[in-house]
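Per chain, numbering begins at 1; letters A, B, ... match sequence-line order.
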Amino acid sequence: MPVLMDAERVARALMRIAHEVIERNRDLNELALVGIRTRGVPLATRLRANLREITGTDVPVGALDITLYRDDLMRHPVGPQPLVRRTEIPFSIDDRRILLVDDVLYTGRTVRAGLDALIDFGRPRAIQLVVLVDRGHRELPIKADYVGKNVPTSSTESVRVRLQEIDGHDLVLIEKEEEQK
Amino acid sequence: MNLQVANGPLGTAAARLRGKDLLGIAELTPAEILLVLDTAEAMREIAARPIKKVPALRGKTVINLFFEPSTRTRTSFEVAEKRLSADTLNISAGTSSVVKGETLADTALNLEAMSPDLMVVRHTSSGACHFLSRICRAGIINAGDGMHEHPTQALLDAFTIREHKKRLGGLKIAIVGDLLHSRVLRSNVLLLTKLDADVWVSGPPTLIPPGIAQLGVRVTTSIDEAVEGADVVMMLRIQLERMQGGYFPSLREYFTVFGLTSQRVRRAKPDVIIMHPGPMNRGVEIASEVADGACSVILEQVANGVAVRMAVLYLLAGGGEHEAAA
Amino acid sequence: MKRLLEGARVVDPVRGVDGRFDVLIDGDRIARVAVEIPAAERAGAEVLALQPGWIVCPGFIDMHVHLREPGQEHKETIATGTAAAVAGGFTGVACMPNTDPVNDNSSVTKFIVERAAGAPARVYPIGAVTKGSAGEQLAEIADLRAAGCVALSDDGRPVANALILRRGLEYARMFDMAIIDHCEDPALKGEGVAHEGLVAAVLGLRGIPAAAEEVMVYRDIALAELTGGRVHIAHLSTRGSLRAVRDGRARGVRVTCEVTPHHFTLTDEQLKAPLSYDTNLKMNPPLREAADRDALVAGLADGTVDAIASDHAPHHYDEKHVEFDRAPFGIVGLETAVPLALDRLVHAGVISIGRLVELMSVNPARLLGVPGGTLEPGSPADVTVLAPEVTTTIDPARFRSLSRNTPFGGWTLKGTVAATIVGGRVAYANPDLASLAAR
């Protein structure tokens, strides 16, 4: 299974993204990070650490579970319901610029669900999208503002992100369908 | 601020309830019970949002079919359904064709002709929900059938206990009152024994169901013994009609022998929680000052009821083999 | 018209007969039972072909059947009930008086007798003990007797008032009629719908304690002792009741009892699974605990129980297709009694065929005071032909009864009825078996 990004690559991408965020957002105090569960959350936390390291500003972080907003809920004739986890956004999102963070951007449907969920929480001034990997094949008009790595893929492949906080190590892999279990 | 990161093995964990119905705790495995409680955790946070709604059950129709009057349970279900964006319909026996002599089967099948996804049913006859589940394609959620079960009550009770005590296994839980006629008792006994709690039940000998000790609970006619060192005390309602049935001579005597007074509460652990499914008869099964006291979690039970019912609706409304859904 | 049943095993316990015999029927009577009937006697007789393994017995009589006519013909009629009876191997049935109107006077009895005139099985009406079976005033018992009633009962209800039962027992002694009592204390029964025990407790069903039956059994035995009358305990269901009967009998009290096939087969555990709250498991007295069922089986073997009676209680599908509390009590039984008895008692080694004949023919005939129970020459040619080695699956859709309320649908049982002969005529021949074609 080809490795797209190793641990060092991931770290450098996140640092570069932090600098880009600073470049494009004049007032960091307006910012807030919201990670999409599950792996968007540790990425958001790392981004916050990077921003603090560079600027000394502490940007608040929240976690968003988009399960209840998915457009494919209740559509499976057989199969399990996705497990719902807690959303924790312990700050007001009104008038803030929200950096929505996810690991992989693919069809765009997850992000659409995330936008719907955020808007139920309040009225942000703006929402920008941060992703570690953009693998193409958008089905909705959604674009990432900050991308760790662009990876052209085919639809028989899948991109797997492993993160230290969840999986014990940092790695981004690409798998062909036959190689999957 | 501490963020919890979910440690699922593959990211999004998935699990489901078997079957299309929730007929009772008897049919649930411990894993399914925990799934409901864990899902309710996530659902509870929605009540704290400015917009208390998620689109999860958008376009689904849920009918609340109540043959027995109930304000609390019905409104709890209705709020839960609406928070999930479902379309709800309330049918009460008194205003429906049941009064005109229509059978239960016909009432249900007529409603089903309108393709509801779920029906929440409360009925005076034990087994009514099992009966409906066999003849209806819609999923049936038992909101209380006769003296048999009230599964969502037991689930919200377990949720409340877990909130405070972080676990269920090994806790001493005392349930006191009219055990014989109580569906809340049966559901709670089943659930708490499945999750390895140490359950004690107590009440007048005339109101103890035969053979109940075989369900793995300790039985005593002494409320003092039941409450001694308890982590949780759950009081069940006494109906005034029971006096007519000769089960005990008077309410006054009942309160003296079985009422939960502050003095009796002191026999329990210092951090005991006091529960009651409601509605309460103050001064009969529970003293007012206990009901309103610091140990009482009675109002939390009500709030948790909505979250638990949201979890149940969510877990039953999607997935499963019933392609009948709209 | 002569008919010959050739070369089958004949079991006739009254005459100590169990072996391979020919049975010659002449008209509506048994003419001869012999190892080989002389050619002269059998000349011109229609020979009915019997398969090896079949058993010829005196006709079975079900002494507890609800034919529902007059008044509830949507559940059953005398015509359909008797068709079900012969399909179940019964040459005669005794029908309970809880019809509408109640059979508490001779005009209702005569109606029943007339309706039964062309029926395939014999019908013996049981008259009410009290007017309207209301338990307050004795019915005109002599009148009922004269019109054809063979016993008295207020079945469906107990004779709750002990004084009334006392008077009834004393009065009925004049006619040597038994009072068949549905033993149940109404207050203890209350609104119960299932046996009071762990199963009912778990299912949230109101219980009927065993004591509700037992207190009345004890009472009835004491009254039979006091009056010298004959009391017969209908559908006895508990081990405590059995004990009372045994003790009373030992003291010389004229008490007898019957047990239904569902009570010697099923227990209250059935209510839980596979089909929970199945209203086809709701009857009165209810299905009891395993210990009761086992005691009844022992009682059938040791002679404490006198008869097997089905308590055939047809109900329309709509009436049973409701929540458990609301469903009427009762299940049909005419077409499942013999297969259950053969499978669960005979093949299980609990009783012999001879004992089965006592329970289903000899004793019912004796208790009702009607002819039958034996193939003694001169007896009515009422014959039940059993096929004990044939396995069948119970299919309610093929019942001849109008009603289908049985829990035994789909049960595979070893032993069935091959043919039923009433008054010399073949009233029923099992269509699934080799035909009884005349040779």
Side-chain angles (χ1 to χ4, degrees), chain B residues 21 23-27 67-68 98 101-109 121 123-135 142 144-150 179-187 189-190 193 201 207-217 219 241 244-247, chain C residues 185-212 238 267-282 286-292 315-329 405 407 409:
Chain B
D21 315 293
L23 300 177
I25 304 293
E27 287 85 4
F67 293 87
E68 222 184 52
V98 171
E102 193 181 40
T103 63
L104 174 59
D106 280 338
T107 304
L109 291 174
V121 182
H123 199 281
T124 49
S125 276
S126 303
C129 293
H130 283 75
F131 176 68
L132 287 178
S133 115
R134 290 196 278 267
I135 65 178
N142 183 359
D145 65 325
M147 306 192 309
H148 175 231
E149 281 223 46
H150 191 355
L179 309 174
L180 181 61
H181 299 98
S182 170
R183 53 191 172 217
V184 172
L185 170 87
R186 284 163 179 78
S187 291
V189 162
L190 287 170
T193 52
V201 302
L207 289 174
I208 295 183
I212 191 172
Q214 294 175 58
L215 296 179
V217 303
V219 185
E241 307 85 84
Q244 267 73 45
Y247 292 100
Chain C
D185 181 286
L188 285 178
K189 183 212 173 210
E191 286 163 30
V193 295
H195 170 67
E196 185 180 286
L198 180 62
V199 172
V202 166
L203 293 179
L205 295 172
R206 290 180 202 276
I208 305 174
T238 82
T267 66
D268 59 355
E269 287 285 327
Q270 240 77 31
L271 283 167
K272 284 154 62 177
L275 207 62
S276 48
Y277 299 96
D278 183 3
T279 55
N280 285 328
L281 293 168
K282 181 178 179 182
L287 297 174
R288 302 281 187 190
E289 297 164 12
D292 295 305
H315 289 293
H316 193 274
Y317 175 80
D318 288 343
E319 293 166 309
K320 283 287 209 177
H321 190 58
V322 293
E323 52 275 33
F324 198 87
D325 286 340
R326 278 183 71 187
F329 292 101
N405 49 319

Under the 3.5 angstrom rule, does the side chain of C/Lys282 hit a backbone N or O of C/Lys320 as a donor-acceptor pair?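 Checked: no pair found.
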Given a strict heavy-atom distance threshold of 4.5 Å, which part of C/Val199 is in contact with chain B: side chain, backbone, both, or neither? neither
Selection from C/Ala201, C/Ser276, C/Gly204 maximising heavy-atom pairs under 4.5 Å formed with chain B: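 So the answer, after comparing C/Ala201, C/Ser276, C/Gly204, is C/Gly204.
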Would B/His181 and B/Tyr247 count as a close aromatic pair, with their ring centres under 6.0 Å?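 So the answer is yes for these two rings.
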Which answer fits [X], side chain, backbone, both or neither, if we ask what part of it has an atom under 4.5 Å from a heavy atom of chain C?
X: B/Ile135; result: side chain
X: B/Ser182; result: neither
X: B/Leu23; result: neither

For the atom pair CZ (B/Phe67) and CG (B/Leu104), what is the distance rounded to the nearest 0.5 Å?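 CG of B/Leu104 is found 5.0 Å from CZ of B/Phe67.
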4.5 Å side-chain heavy-atom contact, B/Val219 and B/Leu179: no
Name the orientation class of the two ring planes belonging to B/His130 and C/Tyr277 (parallel below 30°, tilted from 30 to 60°, perpendicular beyond 60°). tilted
Look at B/Arg134, B/Glu149, B/Arg183, B/Gln214 and state which one has the largest set of heavy-atom pairs under 4.5 Å with chain C.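 Option with the greatest count: B/Arg134.
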